[in-house]
J.: 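One structure is given below, represented as structure tokens, and several questions about it will come after.
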Amino acid sequence: MSVSDLQPAPNERRPATAGMPKLHMAIFAVLFVLLAVLPMLVYPVFAMKVMCFALFAAAFNLLLGFGGLLSFGHAAYFGGASYVAAHASKVWGLTPELSILVGTLAAALLGLAIGSLAIRRQGIYFAMVTLAFAQMFYFFALQADFTGGEDGIQSVPRGSLFGIFPVDSNEALYYLVLAVTFGGILFLYRIVHSPFGQVLKAIRENEPRAISLGYRVNRYKLMVFVLSAAFAGLAGATKSQVFQLASLTDVHWSMSGEVVLMTLLGGVGTVFGPILGATIVVTMQNYLASMGAWVTVIQGVIFVLGVLLFREGIVGVISKWLKRPL
Amino acid sequence: MFELLGIPPQVLMGQLLLGLINGSFYAVLSLGLAVIFGLLNIINFSHGAQYMLGAFVAWMLLEYLGINYWWALLIVPIVVGATGVVLEKLALRRLYHLDHLYGLLLTFGVALIIQGLFRNYYGISGLPYNIPSQLSGGQNLGFMFLPNYRGWVVVASVIVCFGTWFVIEKTRLGAYLRAATENPTLVGAFGINVPLMIMLTYGFGVALAGFAGVLAAPIYSVNPNMGADLIIVVFAVVVIGGMGSIMGAIVTGFGLGVIEGLTKVFYPAGSAVVIFVIMAIVLMIKPEGLFGRNA
């Protein structure tokens with residue numbers, strides 16, 4: 001299977017693993033400065049939500065944009081990690097960084113279990129299998145004891161970072177979330193531009209050829225699946241600390257759809273697309289929340305128009321104009 | 001009467017019947033998905049929404065125009081199928097030269113639009129649709145009570161499934177269809193209008209979903225979310241069966257419905273996930289699906 005036409009052909013003159021291009025570095029720097037002062041401009045919880053979803057979308061993009069695998073069940077890792085992290089904070093009394101770590105590990109394990117089965121099928125079957133397993137996980141979350149069923153896990157304590165620095169206030173927590181999500185996105189960037197990322201690209205472009213070159217394609221696919229699940233989990237675990245809540249919303253199939261939408265809108269296979277896409281979608285949900293189900297309709301329309309007219313996504317189009325990969 | 005493992009036969013037969021009814025819907029819906037996939041190579045994610053649309057159109061016909069169930073059974077598939085034809089002509093057609101995943105994403109968007117619109121206008125509480133008077137009541141079979149309508153659902157589904165199978169496998173039209181599945185270019189070269197055939201095939205697959213929706217309306221309450229969760233189970237059914245064969249889709253659909261019903265008797269907590277567990281096992285043992293050619 002290939003999603004090669006999802007990818008705007010980047011005009012690369014230098015080896016992709018040769019370190020970060022100046023343009024990317026500049027954008028990351030601007031983004032970081034912007035995020036550092038953002039809590040003075042907008043409500044910090046909203047900004048934290050955007051950052052969590054940006055990391056979620058970036059993790060999803062690792063799998064779709066660079067691995068060429070469309071998972072329609074990423075809510076399982078996002079929401080699963082959110083449950084585990086919330087449980088760890090509330091019941092085990094772990095500090096936030098440990099809770100997030102435990103949640104991330106849980107998502108990675110879940111990704112390993114589901115991924116090792118899902119990679120046995122390709123293309124749309126892969127999408128259906130991941131969706132079905134995510135739905136299975138949803139039923140598990142609905143019925144299991146520790147998830148609290150319809151109520152979810154509520155009033156999760158925020159505690160103190162390393163047991164020393166209290167992060168009860170939104171402002172203090174903001175910088176923790178900034179560090180986690182920004183660090184996560186940079187790490188994903190590093191993965192994509194590593195030799196491992198290059199092999200992924202080769203598999204995406206031409207799987208039989210990658211096999212004939214001696215790569216164990218399924219191991220690479222499983223590896224990228226687990227990595228993507230782990231970072232989706234990192235995002236979900238962090239979100240549970242922000243909202244002090246883990247609920248069924250985060251494991252529902254509509255969440256899996258939302259992360260696809262964010263990535264598609266921003267630009268599949270771009271570095272900055274998922275960040276922009278997540279920002280737009282979360283902002284839209286925030287301001288249109290009073291419109292109820294119209295939000296779903298609008299999301300559907302964006303999907304349809306995006307697929308028909310706008311397959312490169314916003315950042316993909318800009319990248320084409322600039323003739324530089326973004 | 002006999003008892004099996006301490007389960008009273010009434011309970012067992014009752015759940016078997018429920019399973020058979022669920023299986024009827026799995027069979028008709030996965031059949032539609034298989035027919036569409038065969039020719040268009042896309043997974044129709046809006047299938048669940050189109051099934052819901054079928055139930056709603058039946059409800060609207062009765063509520064606003066006083067048109068009864070039997071006419072709805074005929075009109076609804078035509079109406080819903082027509083929306084499918086429009087969708088194919090306006091949108092899906094533009095995606096055939098691209099990766100199949102785009103078809104999935106597009107139809108997912110369509111599903112969101114349809115479900116969102118109906119949620120806006122009709123809420124999520126569900127609307128009642130009465131069983132047609134000819135089919136109210138039931139039969140006492142001695143070992144269990146069979147409501148007439150439920151019996152009818154199973155019979156109607158079997159007829160539609162085998163009718164579809166017959167047309168595709170045994171008629172000239174079906175032969176064109178199967179030929180176009182193998183090699184559309186060559187079939188086009190023989191003077192057959194392949195784009196038209198693709199459009200009508202999509203319409204037919206969608207009409208099957210609409211038909212299932214009418215069948216479902218009197219059993220399940222008519223509500224905008226009725227198709228959303230169902231379609232994910234049907235996806236699992238399709239993965240288990242593989243979409244290579246029409247008969248495979250039918251047999252898998254009914255079979256899994258029955259297995260789900262039995263699970264409700266012997267291990268109720270597992271009934272929501274049993275189909276997904278079977279999917280996992282099939283993926284381990286025979287990844288291409290029970291009836292699948294390699295995918």
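As the structure is a computational prediction, the values presented were derived from the model and not from experiment. Quick note: numbers below take in every heavy atom, side chains included, and nothing from hydrogens, waters or symmetry partners. Chain A is the first sequence line, chain B the second, and so forth, proteins listed ahead of strands; every chain is numbered from 1.
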J.: To the nearest 0.5 Å, tell me how far F72(A) CZ sits from F235(B) CZ.
T.: 8.5 Å
J.: With rounding to the nearest 0.5 angstrom, report the CD1 to CE distance, I298(A) to M284(A).
T.: 5.5 Å
J.: Between Y83(A) and L248(A) (side chain of the first, backbone of the second, donor and acceptor by atom type, cut-off under 3.5 Å), is there such a pair?
T.: yes
J.: Check each of N44(B), L208(B), V234(B) against L29(B) using the side-chain contact (heavy atoms from CB on, under 4.5 Å) test, and report the only one that passes.
T.: V234(B)
J.: Give, for atom CG of N22(B) and atom CD of Q15(B), the distance between the pair rounded to the nearest 0.5 Å.
T.: 9.5 Å
J.: With a 4.5 Å cut-off on heavy-atom pairs, point out which of I114(A), V304(A), I302(A), V295(A) contacts chain B the most.
T.: V304(A)
J.: For F78(A), is there any backbone N or O sitting under 3.5 Å from a side-chain donor or acceptor partner on S82(A)?
T.: no
J.: When heavy-atom pairs shorter than 4.5 Å are enumerated against chain A, which of A236(B), A269(B), A111(B), G109(B) gives the highest number?
T.: G109(B)
J.: Would you say that more than 12 heavy atoms from the other residues, nucleotides or ligands in this model lie under 6.0 Å from the CD1 of I124(B), or not?
T.: no
J.: To the nearest 0.5 angstrom, please state how far the NE2 atom of H74(A) sits from the CE atom of M255(A).
T.: 13.0 Å
J.: Using 0.5 Å steps for rounding, measure from the CZ atom of F126(A) to the CD1 atom of I119(A).
T.: 8.0 Å
J.: What part of V233(B) gets closer than 4.5 Å to chain A, counting heavy atoms only: side chain, backbone, both or neither?
T.: neither
J.: Non-hydrogen contacts under 4.5 angstrom with chain B: give the residues of residues 129-144 of chain A involved, or none if there are none.
T.: V129(A), L131(A), A132(A), F133(A), Q135(A), M136(A), F139(A), Q143(A)
J.: Does any heavy atom of chain A fall under 4.5 Å from the side chain of L117(B), the backbone, both, or neither of them?
T.: both
J.: For F118(B), is it the side chain, the backbone, both or neither that has a heavy atom under 4.5 Å from a heavy atom of chain A?
T.: neither
J.: Answer with side chain, backbone, both or neither: which region of V260(A) has an atom nearer than 4.5 Å to a non-hydrogen atom of chain B?
T.: side chain
J.: Need one label for L104(B): side chain, backbone, both or neither, based on atoms under 4.5 Å from any heavy atom in chain A.
T.: side chain
J.: Please confirm whether F25(B) and Y220(B) have ring centers closer than 6.0 angstrom.
T.: yes
J.: Any idea which of M279(B), R94(B), H100(B) has the most non-hydrogen atom pairs under 4.5 angstrom with chain A?
T.: M279(B)
